[in-house]
Amino acid sequence: MDREQIERLTGQAGLGEEAELTLRCCERLFPAMREEIYRQMEGEETPDLALLRARLLVLRSVEERLGAYIRSGRLALKELEG
C-alpha cells in the first residue's frame, strides 16, 4: 500500500469516527425535533405540510449520510489493518 492510499484511508477512517460522534448527538436531538414536527402537523389549523415533510426529509438525509460516512470509515479502517 502506498503512502497516498494510506493517507486517504486514514482520512476516511477519521471522518467515520467523527460521523459516529455526530450521529450520537443526532440520536438524542432528532427524536425531539421529530416530535415537534408531528405536534405541529396535528396542532395547527393549516400546517405547512410541505415544509414539515421537508424538515423530516432533512433529518432522515442527515442520518443516512452520517451512516454512509461511518460505514466508509469502518471499511477504510479494515483495509488499513490488512
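Heavy-atom basis, side chains included; hydrogens, waters and symmetry copies ignored. Fair warning: this is a prediction, and the values are worked out from it, not measured in the lab.
Nearest heavy-atom pair, Gln40 versus Arg55, reported as atom, atom and distance to 0.1 Å: OE1-NH1, 3.2 Å. Looking at every heavy atom in both residues, Pro31 comes nearest to Cys26 through CD-O, 3.7 Å. Minimum interatomic distance between Ala19 and Ile70 (heavy atoms only, all atoms of both residues): CB-CG1, 3.7 Å. Leu9 and Ala76 make their closest contact through O-CB, 3.5 Å (heavy atoms, listed as atom of the first residue, atom of the second, distance). Closest approach of Leu59 to Phe30, counting heavy atoms only: O-CE2, 3.6 Å. When every heavy atom of Arg71 is checked against every heavy atom of Glu64, the shortest pair comes out as NH2-O, 4.3 Å.
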Test side-chain contact (heavy atoms from CB on, under 4.5 Å) applied to Arg24 and Leu21, step by step = CA-CA 5 Å; Arg24 286 186 202 142; Leu21 294 174; 3.3 Å; yes

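Val62 and Leu51 are assigned to two separate hydrophobic clusters, defined by single-linkage of ILVMFWY side chains at heavy-atom distances under 4.5 Å. Residues Leu49 and Tyr38 share a single hydrophobic cluster, defined by chaining ILVMFWY side chains whose heavy atoms lie under 4.5 Å apart. When hydrophobic clusters are built by joining Ile, Leu, Val, Met, Phe, Trp and Tyr residues whose side-chain heavy atoms come closer than 4.5 Å, directly or via intermediates, Val58 is grouped together with Leu29.
Side chains of Thr22 and Tyr69 form no contact here, defined as non-hydrogen atoms less than 4.5 Å apart. Within the 4.5 Å cutoff, side-chain heavy atoms of Met41 are placed close to those of Leu56.
From Glu4, atom CD reaches atom CD of Glu7 across 7.5 Å, with rounding to the nearest 0.5 Å. To the nearest 0.5 Å, the span separating CG on Leu75 from CG on Leu80 amounts to 11.0 Å. Atom-to-atom distance recorded for Leu23:CG and Arg28:CZ is 10.5 Å, nearest 0.5 angstrom.
Annotation: Arg65, atom CZ; neighbour count of heavy atoms from other residues, nucleotides and ligands within 6.0 Å does not exceed 12.
A side-chain hydrogen bond (donor to acceptor under 3.5 Å, both in side chains) check over residues 10-19, counting only residues at least two apart or in different chains, returns the pairs Arg8-Gln12, Gln12-Ser72.
Using a 4.0 Å cut-off between charged side-chain N and carboxylate O, Glu36 and Arg39 make a salt bridge.
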